[in-house]
Amino acid sequence: IDDYLSESMEKIKNKLEAMEKEFPKRIIWHKQSISREEIAEIYNNCSIYIQPSRYESFGMTVLEAMACGKTVIVSNRGGMPEVVGDAGKILSLDAKLFVKEILRLLKNDKSRGEYSKKAAERAKQFSWDEVSKRTLDLYRIITKKQDNEEKLKEAMGNLR
């Protein structure tokens with residue numbers, strides 16, 4: 001499996017390098033770590049953020065782009081549909097669909113603007129404050145339910 005993965009990754013690397021040479025102003029491949037400020041600048045300089053992943057457990061980069069108010073187009077894989085909701089385009093993993101949607105959105109400033117606003121608002125739902133509040137609420141519900149179940153069992157035991 002490691003050999004297959006290495007070969008697969010080598011093919012992807014070669015394709016990206018070829019695209020980088022063919023489109024030097026449009027394809028920018030960062031091969032080293034970059035700072036948060038540089039990442040934010042990249043998001044803020046793009047018109048549309050696309051992520052046609054085969055698998056993505058959560059989609060943190062999608063969320064970061066949305067927080068910058070970017071229109072996003074993602075594949076319908078992993079956790080990305082949940083992150084994006086109605087604040088972006090969620091497509092089947094098909095290159096033709098992605099190209100068609102990218103071209104449509106590049107021609108439609110109004111639609112991009114609407115998605116941009118929705119994206120920035122939706123990203124707020126995933127802030128650490130919001131996530132921690134929802135997690136705490138869930139824990140409260142779970143512990144209350146457990147307390148009630150224990151009280152019920154205790155009451156049932158007293159009836160015997």
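Every value quoted in this text rests on a predicted model; they were computed, and no experiment measured them. Numbers here simply count residues along the sequence, with the first being 1.
Between K21 and E17, none of the side-chain N atoms (NZ, or NE/NH1/NH2) sits under 4.0 Å from a carboxylate O, so this pair counts as no salt bridge. Between K15 and E10, none of the side-chain N atoms (NZ, or NE/NH1/NH2) sits under 4.0 Å from a carboxylate O, so this pair counts as no salt bridge. A salt bridge does not link E121 with K118: none of the charged nitrogens is closer than 4.0 Å to a carboxylate oxygen.
For the atom pair S33 OG and I39 CD1, the distance stands at 8.5 Å (nearest 0.5 Å). Put simply, OG on S116 and CD1 on I48 are 11.0 Å apart, with the number rounded to the nearest 0.5 Å. Atoms CZ and CD1, from F98 and I73 in turn, are 7.0 Å apart once rounded to the nearest 0.5 Å. In this structure, the separation between CD1 on I42 and CD1 on I28 is 7.0 Å, given to the nearest 0.5 Å.
Here the closest non-hydrogen pair linking R122 and V83 is NE-O, 2.8 Å. Contact record, G69 with A120: CA-CB, 4.2 Å, taken as the closest heavy-atom pair.
Donor-acceptor pairing under 3.5 Å is lacking for the side chains of S75 and Q51.
Residues meeting the salt bridge (charged side-chain N to carboxylate O under 4.0 Å, His left out) test with R140, sequence neighbours left out: D137. Residues forming a ring pair (Phe, Tyr, Trp, His ring centres under 6.0 Å) with Y49 (at least two apart in sequence, or on another chain): Y43.
Although no hydrogens or angles enter the test, the distance criterion places a donor-acceptor pair under 3.5 Å between the side chain of K70 and the main chain of C46. Side chain of R77 to main chain of R54: a donor-acceptor pair is present (N/O by atom type, distance under 3.5 Å, no hydrogens or angles). Of the possible donor and acceptor atoms, one in the side chain of S35 sits under 3.5 Å from a partner among the backbone N and O of E38.
M19 is not connected to V99 by any chain of hydrophobic side-chain contacts under 4.5 Å among Ile, Leu, Val, Met, Phe, Trp and Tyr, and they are in different clusters.
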When the side chains of residues 100-113 are checked against the rest of the protein, which donor-acceptor pairs come out under 3.5 Å, sequence neighbours left out?
{"unit_1": "E101", "atom_1": "OE1", "unit_2": "R104", "atom_2": "NE", "d": "3.4"}
{"unit_1": "E101", "atom_1": "OE2", "unit_2": "R104", "atom_2": "NE", "d": "3.0"}
{"unit_1": "E101", "atom_1": "OE2", "unit_2": "R104", "atom_2": "NH2", "d": "2.6"}
{"unit_1": "N108", "atom_1": "OD1", "unit_2": "K110", "atom_2": "N", "d": "3.3"}
{"unit_1": "N108", "atom_1": "OD1", "unit_2": "S111", "atom_2": "N", "d": "2.9"}
{"unit_1": "D109", "atom_1": "OD1", "unit_2": "R112", "atom_2": "NH1", "d": "3.2"}
{"unit_1": "D109", "atom_1": "OD1", "unit_2": "R112", "atom_2": "NH2", "d": "2.7"}
{"unit_1": "R112", "atom_1": "NH1", "unit_2": "L105", "atom_2": "O", "d": "2.7"}
{"unit_1": "R112", "atom_1": "NH1", "unit_2": "L106", "atom_2": "O", "d": "3.0"}

